[in-house]
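Note sheet for the following structure.
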Amino acid sequence: MAVSIRATTEDDRPAVVDLLTRRWTSPEILIEGEMIDGSRLPGFLAEDDGEVAGLVTLIKRDAEWEILTLDSLSRWSGVGTLLLNSVVGSAVESGIRRLLVRTSNDNLDAFRFYQRRGFRLEKVVPGAIDEERKLKPEIPLSGEYGIPIHDEVVFARAI
């Protein structure tokens, strides 16, 4: 596999909307009660032979960047790591020294992925997903491995 990573552009928006809809039910992602259109955020696109292989979207703040979504379309292929490495490199170039990511309590694969790449558990927000489900009812009640989804888990990494 010869995967290339590049910054997203406005021309990528239809492909980004499609991927976010397939993976997240829509490009609209809830964070702390605020609906954020992930398709309009900066990020990086992974391509393999001209086909989308993955995507990461970012909320860029002055002191830290937050990974809103990170998706590899072929698990265990290294695409997620390549995307994350692009984020880290760009953050360092921009003088950013901290990355943040949130996930739900059922996403054990994300727990493994981020911790193996230097992220540390920062906090658990009990009931956060239950509250978000009131605004976005399409959020499933259970997720990976049949685990009920209730809580948000925040990981952070100094870079």
Inset, instruction - Give the ring-plane orientation class for Phe119 versus Tyr114, where under 30° counts as parallel, over 60° as perpendicular and anything between as tilted. - result: perpendicular
Inset, instruction - With rounding to the nearest 0.5 Å, note down the distance linking CE in Met35 to OG in Ser26. - result: 6.5 Å
Inset, instruction - Could you walk me through whether Thr9 and Asp12 pass side chain to side chain donor-acceptor pair (under 3.5 Å), step by step? - result: CA-CA 5 Å; Thr9 68; Asp12 296 318; 3.3 Å; yes
Inset, instruction - State, to 0.1 Å, how close Leu70 and Gly80 come at their nearest heavy-atom pair, and which atoms those are. - result: CD2-CA, 3.9 Å
Legend entry - Check: Leu108 main-chain N/O paired with Arg112 side-chain donor or acceptor under 3.5 Å: no
Inset, instruction - Could you go through the side chain to side chain contact (heavy atoms under 4.5 Å, CB included) check for Ile36 and Thr57 one step at a time? - result: CA-CA 11 Å; Ile36 298 171; Thr57 60; over 6 Å; no
Inset, instruction - Give a yes or no on whether Trp24 and Ile147 share a hydrophobic cluster (residues Ile, Leu, Val, Met, Phe, Trp, Tyr; joining criterion: side-chain heavy atoms under 4.5 Å apart). - result: no
Legend entry - Arg6 atom CZ, neighbour heavy-atom count above 12 within 6.0 Å: yes
Legend entry - Greater than 12 external heavy atoms within 6.0 Å of Glu138's CD: yes
Inset, instruction - Please step through side chain to side chain contact (heavy atoms under 4.5 Å, CB included) for the pair Leu83 and Ile5, ending with a clear verdict. - result: CA-CA 7 Å; Leu83 288 165; Ile5 307 293; 3.9 Å; yes
Legend entry - Euclidean distance, Glu64 CD relative to Leu58 CG, rounded to 0.5 Å: 12.0 Å
Inset, instruction - Indicate if Leu82 and Ile159 have the same hydrophobic cluster label, given that clusters are the connected sets of ILVMFWY residues with side-chain heavy-atom separations under 4.5 angstrom. - result: yes
Inset, instruction - Measure the spacing between OG1 of Thr8 and CZ of Arg13 and express it to the nearest 0.5 Å. - result: 11.0 Å
Legend entry - Donor-acceptor contact below 3.5 Å, side chain Arg133 vs main chain Ile149: yes
Legend entry - Worked verdict on Glu144 versus Arg75 for salt bridge (charged side-chain N to carboxylate O under 4.0 Å, His left out): CA-CA 14 Å; Glu144 309 233 352; Arg75 273 188 153 169; 3.4 Å; yes
Inset, instruction - Using a strict cut-off of less than 4.0 Å between a Lys/Arg side-chain nitrogen and an Asp/Glu carboxylate oxygen, indicate whether Glu66 and Arg61 qualify as a salt bridge. - result: yes
Inset, instruction - Search all heavy atoms of Ser72 against all heavy atoms of Val79 and return the closest pair with its distance. - result: OG-CB, 3.4 Å
Legend entry - Arg23 with Asp18: basic N within carboxylate O range, under 4.0 Å: no
Inset, instruction - Evaluate the side-chain proximity of Asp151 to Ile129: yes if any heavy-atom separation is below 4.5 Å, no if none is. - result: no
Inset, instruction - Report the distance from atom CG of Leu41 to atom OG1 of Thr69, rounding to the nearest 0.5 Å. - result: 8.0 Å
Legend entry - Heavy-atom side-chain contact between Tyr145 and Asn107 under 4.5 Å: no
Inset, instruction - Indicate yes or no: does Glu32 engage Arg102 in a salt bridge with an N to O separation below 4.0 Å. - result: yes
Legend entry - Beyond-backbone contact of Arg117 with Asn85, side-chain heavy atoms, under 4.5 angstrom: no
Legend entry - Side chain proximity check, Glu131 to Leu30, heavy atoms < 4.5 angstrom: no
Legend entry - Polar contact flag, side-chain donor to acceptor under 3.5 angstrom, Asp37-Ser39: yes
Inset, instruction - Could you go through the side chain to side chain contact (heavy atoms under 4.5 Å, CB included) check for Asn105 and Glu152 one step at a time? - result: CA-CA 6 Å; Asn105 63 278; Glu152 179 180 82; over 6 Å; no
Inset, instruction - Go through the steps for Leu55 and Phe44 under the test side chain to side chain contact (heavy atoms under 4.5 Å, CB included), then give the verdict. - result: CA-CA 6 Å; Leu55 170 73; Phe44 293 93; over 6 Å; no
Legend entry - Same apolar cluster (I L V M F W Y, side chains within < 4.5 Å links), Ile96/Val56: yes
Legend entry - hydrophobic_cluster_shared for Phe111 and Phe113, side chain cutoff 4.5 Å: yes
Legend entry - More than 12 heavy atoms from other groups under 6.0 Å of CZ on Arg116: no
Legend entry - Reported NZ-to-CD distance for the pair Lys134 and Glu132, which is rounded to 0.5 angstrom: 11.5 Å
Legend entry - Test item: Asp48 side-chain N/O and Ala53 main-chain N/O as donor-acceptor pair under 3.5 Å: no
Inset, instruction - Give a yes or no on whether Ile31 and Leu20 share a hydrophobic cluster (residues Ile, Leu, Val, Met, Phe, Trp, Tyr; joining criterion: side-chain heavy atoms under 4.5 Å apart). - result: yes
Legend entry - Approximate separation, where rounding is to 0.5 Å, of Leu99 CG and Trp65 CH2: 8.0 Å
Legend entry - Test item: Ser77 side-chain N/O and Ser74 main-chain N/O as donor-acceptor pair under 3.5 Å: yes
Inset, instruction - Please report the closest heavy-atom contact between Ala110 and Thr103, naming both atoms and the distance. - result: CB-OG1, 4.0 Å
Inset, instruction - Compare all side-chain heavy atoms of Pro126 with those of His150 and state whether any distance is below 4.5 angstrom. - result: no
Legend entry - pair Ile67-Leu100: side-chain heavy atoms closer than 4.5 Å: no
Legend entry - Sidechain-backbone polar pair: Thr25 side chain, Thr21 backbone, donor-acceptor under 3.5 Å: no
